[in-house]
Amino acid sequence: MLKSSMIKRAAVVVASAGLALVTLSGTASANSTAGDISMGDTGVGVKCVQMALNDSNVNAGLKVDGIFGQHTKDAVMQFQRTNNAKWGWSLDVDGIVGHNTGSALMEIIVHNEHDWGNTCWENMPS
């Protein structure tokens with residue numbers, strides 16, 4: 001019987017291969033079309049940001065409630081300062097989850113094999 005972690009890994013590999021194929025074929029964009037996430041926003045995208053920040057090297061300790069308040073903004077800014085240029089692109093320290101910050105946070109979600117990977121892909125800028 002397959003372990004849950006093996007199944008999750010296989011799903012991530014298949015999804016990554018599919019995204020690579022789409023990217024290489026040039027017929028569709030592999031990036032999410034979600035808009036920026038910032039102070040006052042609510043919803044699934046904010047939950048994804050909060051989960052990723054909690055799993056990141058800033059250990060934010062945020063309540064995953066889907067409300068982008070001051071604690072989430074402060075954690076985003078700390079993440080941006082701490083990880084600027086880590087993934088090969090600069091992160092503006094502005095407390096806004098735009099394309100670059102969203103991409104960095106998605107790396108954390110995928111790396112930690114969150115069950116929410118696909119949901120976050122659809123709801124975070126990346």
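- Applying the side chain to side chain donor-acceptor pair (under 3.5 Å) criterion to Asn112, with sequence neighbours excluded, gives no partner residue.
- Not counting sequence neighbours, the partners of Ser90 by the side chain to side chain contact (heavy atoms under 4.5 Å, CB included) test are Asn84.
- Judged by distance alone, with hydrogens and angles left aside, the side-chain atoms of Gln50 form a donor-acceptor pair with the main-chain N or O of Asp65 at under 3.5 Å.
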Quick one: side chains of residues 40-49, donor-acceptor pairs under 3.5 Å with protein atoms, not counting sequence neighbours, listed by atom name and distance.
residue, atom, partner, partner atom, Å
Asp41, OD2, Ser38, N, 2.8

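- Hydrophobic cluster membership is shared by Ile108 and Trp121, with clusters built from Ile, Leu, Val, Met, Phe, Trp and Tyr side chains linked at under 4.5 angstrom.
- Taking each heavy atom of Val93 and Gln80 in turn, the nearest pair found is CA-OE1, 3.4 Å.
- Side-chain contact between Met51 and Asn54: absent, with no pair of heavy atoms (C-beta onward) separated by less than 4.5 Å.
- Looking at every heavy atom in both residues, Glu122 comes nearest to Ala34 through O-CB, 4.0 Å.
- Here the straight-line distance linking atom CD1 of Ile109 with atom CG of Asp115 works out to 12.0 Å at 0.5 Å rounding.
- A search for side chain to side chain contact (heavy atoms under 4.5 Å, CB included) contacts involving Asp92 returns Asp94, not counting sequence neighbours.
- Under the 4.5 Å side-chain heavy-atom criterion for grouping Ile, Leu, Val, Met, Phe, Trp and Tyr, Met124 is not connected to Met77 through any hydrophobic cluster.
- Grouping Ile, Leu, Val, Met, Phe, Trp and Tyr by side-chain contacts under 4.5 Å, direct or through others, leaves Ile67 on its own.
- Atom CE of Met106 sits about 14.0 Å away from atom OG1 of Thr101, to the nearest 0.5 Å.
- Annotation for Gly95 and Phe68: closest pair O-CZ, 3.3 Å, computed over non-hydrogen atoms.
- Residues Pro125 and Gly98 share a closest heavy-atom pair of CG-O, 3.6 Å.
- Residues forming a side chain to side chain contact (heavy atoms under 4.5 Å, CB included) with Asp74 (at least two apart in sequence, or on another chain): Gln70.
- Leu62 and Ile96 are not part of a single hydrophobic cluster, where members link through side-chain heavy atoms under 4.5 Å apart.
- Atom CD1 in Ile37 sits 15.0 Å away from atom NZ in Lys73 (nearest 0.5 Å).
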